[in-house]
Number of protein chains: 2
Amino acid sequence: MDKLSKRERQDRIVNRLNTTVAVRISDLAEEFDVTTETIRRDLDALAVRGLLARTYGGAAMRALTDEPGIAARAQTYVAERERIGLKAATLVKSGDVLIIDAGSTTAHLAKVLAQLPLEFKVITNSIGVARVLGQSDTASVLLCPGDVRLTEEGVFGAETLDFLDRYHANMAFIGAGGFTAKEISDADAAGVAIKRKIITRSERVYLLADHTKAGITQFATICPLSAMDGLITDAMADDGMRQALAEAQVELMIAEQGKAGLAA
Amino acid sequence: MDKLSKRERQDRIVNRLNTTVAVRISDLAEEFDVTTETIRRDLDALAVRGLLARTYGGAAMRALTDEPGIAARAQTYVAERERIGLKAATLVKSGDVLIIDAGSTTAHLAKVLAQLPLEFKVITNSIGVARVLGQSDTASVLLCPGDVRLTEEGVFGAETLDFLDRYHANMAFIGAGGFTAKEISDADAAGVAIKRKIITRSERVYLLADHTKAGITQFATICPLSAMDGLITDAMADDGMRQALAEAQVELMIAEQGKAGLAA
DNA sequence: ACATGTTTGTTGTAAGTCCAACATTGAGGC
DNA sequence: GCCTCAATGTTGGACTTACAACAAACATGT
């Protein structure tokens, strides 16, 4: 058995981390019949390229959220999104039927909900939300069909829209690329179609959006702001927006720092 | 700042691994202001419960596929499954429409397919397969709706069956818990229902099963062996089985070691 | 107060890892 | 052949972790 090339060896290491959570330098060295130093150099090189995460003595697979598209966004304003997720979770009670949109903010909500002992049903087009809430023993999750788009970690398209038409929820949580006193919008047409459908299929709809989304208008309009029943955000300085929300009868919920909605 | 209870500490560690790929014992010890030994004991306890994976010097988040019961099996015969996946992938060509079942063996097939520059459509009820193939630029993936069951990394139930009824494929790949000269079977009733449906919706059906599945009968019957067009496995010693396959006109494909179907 | 069991800390030894500096090997290019 | 560069191996010392056995602290029920 000839020794593998550097390229081949590194490919196999990355490949292995698709199935294994973590690898150890000493094991790899033995398996490939090279020195631990060589493996160490491989791991360091791969880590720089972001293909894996170094650990003491080995390496671990990269994070699930490390998908190309989402990576950058997911890393920014994480704390804000977590607070928003916590706040939103306080609205949910046992017996509810929820629709949860695909998006990085809604993913945080799912994480919180998965740890609560509430019995509720969730309909979602987000693969991430489905995975996270699937871990809950008390919640049941119904995943929509559709064309898989990994950049958004969800399914989209005609099948998804058709499917949603056949269900009804009493509460929905959606995300958006931007919102103004007038309307909510997003940059992704396929995603907007889903959001619009979700709104029609739910009694109440809540918008989850951090403060950076305020005042932003993107090219695809989702709906007028008044179509929302509530806005959950992390900060709201603009008095004009406050008034617009009040006039549109949209409840404003601010997830303030240190004031988590649920006891830790 | 009071010291946290064992319970709280362990909760936080698990929680952290939802956002971080790996943690280090020394860091945790410092952060929680306890000894490394305490953290080590925490990690070992959590690892036994399957909530994380130990690494040298710390822990990593558990794999998506690492469900309690499956963990042991999933680690063994990985090489065999990879070979089977490679072999199966040689059957696929551009323009094909595939249905791929949920299962650990089919997941390997998906991994191989994702790296080929073929243009094909895939319909699947496996969240894992959808994620993996979603990374391909050339393949398009249609995910089935259904109730999410994370133990199998897929969706199941009436919605899934209904959905499959509306599609037609020219090739399908399914897994099974066991197969004999007579029939194919599995331990999971919901999964069997899906497999049966897949068989009716595809022109050709291939069974992917490693050699440990041979001669095993589980409680839920999927179909007679003759319903398959091909069996892809890694070893086949039994002459009786060979003959049965020939009589049933099931093509036997053996993925032998070192004879990968595709160049590495 | 007492006994009991759990949790955590302490300690010492063995083993593993990290890092840097330097030696060796191997594949092209001239 | 010779040179050069990249890849790998080697080595030694500093640091880190693993493991096991035992001690101390803490909670809990009687």
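Here is the naming used below: chain letters follow the sequence lines, and residue numbers restart at 1 for every chain. All values below were derived from every heavy atom in this structure, side-chain atoms included, with hydrogens, water molecules and symmetry-related copies excluded. All figures in this text were calculated on a predicted structure; none of them were measured in a lab.
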Next item on the list: Count the heavy atoms of every other residue, nucleotide or ligand shown that sit under 6.0 Å from CD of B:E30, and state whether that count exceeds 12.
Entry: no
What is the distance from [atom1] of [X] to [atom2] of [N], rounded to the nearest Å?
{"X": "B:L43", "N": "D:dC19", "atom1": "CG", "atom2": "P", "answer": "12 Å"}
{"X": "B:I39", "N": "D:dT17", "atom1": "CD1", "atom2": "P", "answer": "12 Å"}
{"X": "A:R41", "N": "C:dT25", "atom1": "CZ", "atom2": "C1'", "answer": "13 Å"}
{"X": "A:L46", "N": "D:dA7", "atom1": "CG", "atom2": "C1'", "answer": "15 Å"}
{"X": "A:L28", "N": "D:dT8", "atom1": "CG", "atom2": "C1'", "answer": "16 Å"}
{"X": "B:F32", "N": "C:dT8", "atom1": "CZ", "atom2": "P", "answer": "12 Å"}

Item checked: B:R41/B:D44 ion pair, N-O < 4.0 Å ->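 Looking at B:D44 together with B:R41, the answer is no, because their closest N to O distance does not fall below 4.0 Å.
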Check: Is the cationic atom of B:R149 (NZ for Lys, CZ for Arg) positioned less than 6.0 Å from the six-membered ring centroid of B:F156 and within 45 degrees of its normal?
Finding: yes
Next item on the list: Is it possible for you to check whether A:R24 lies under 6.0 Å from the centre of the six-membered ring of B:Y56, through NZ or CZ, and within 45° of that ring's axis?
Entry: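 Here A:R24 fails the 6.0 Å and 45° test against B:Y56.
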Checklist line | Which residue lies more 5' along DNA chain D, comparing B:D44 with A:D42 via nearest heavy atoms | finding: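 The residue mapped nearer the 5' terminus is A:D42.
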Item checked: Distance below 4.0 Å between A:R9 side-chain N/O and D:dA7 OP1 or OP2 -> no
Note to self: On the nucleotide C:dT7, are OP1 or OP2 found under 4.0 Å from the side-chain N or O atoms that B:T38 carries?
What the structure shows: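 Checking C:dT7 against B:T38, no side-chain N or O comes under 4.0 Å of OP1 or OP2.
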Item checked: Option among B:D27, B:V23, B:V34 that satisfies the side chain to side chain contact (heavy atoms under 4.5 Å, CB included) test with B:I39 ->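 It is B:V34; the other options fail the test.
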Notebook entry, point to check: What's the spacing between A:I254 CD1 and A:D234 CG if we round to 0.5 Å?
Noted result: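 Those atoms lie 8.5 Å apart.
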Restricting both atoms to N or O, compile the protein contacts to nucleotides 11-17 of chain C shorter than 3.5 Å, with distance only.
| unit_1 | atom_1 | unit_2 | atom_2 | d |
| --- | --- | --- | --- | --- |
| C:dG16 | O4' | B:Y56 | OH | 3.1 |
| C:dG16 | O3' | A:R24 | NH2 | 3.1 |
| C:dT17 | OP1 | A:R24 | NE | 3.0 |
| C:dT17 | OP1 | A:S26 | OG | 3.2 |
| C:dT17 | O3' | A:G57 | N | 3.3 |

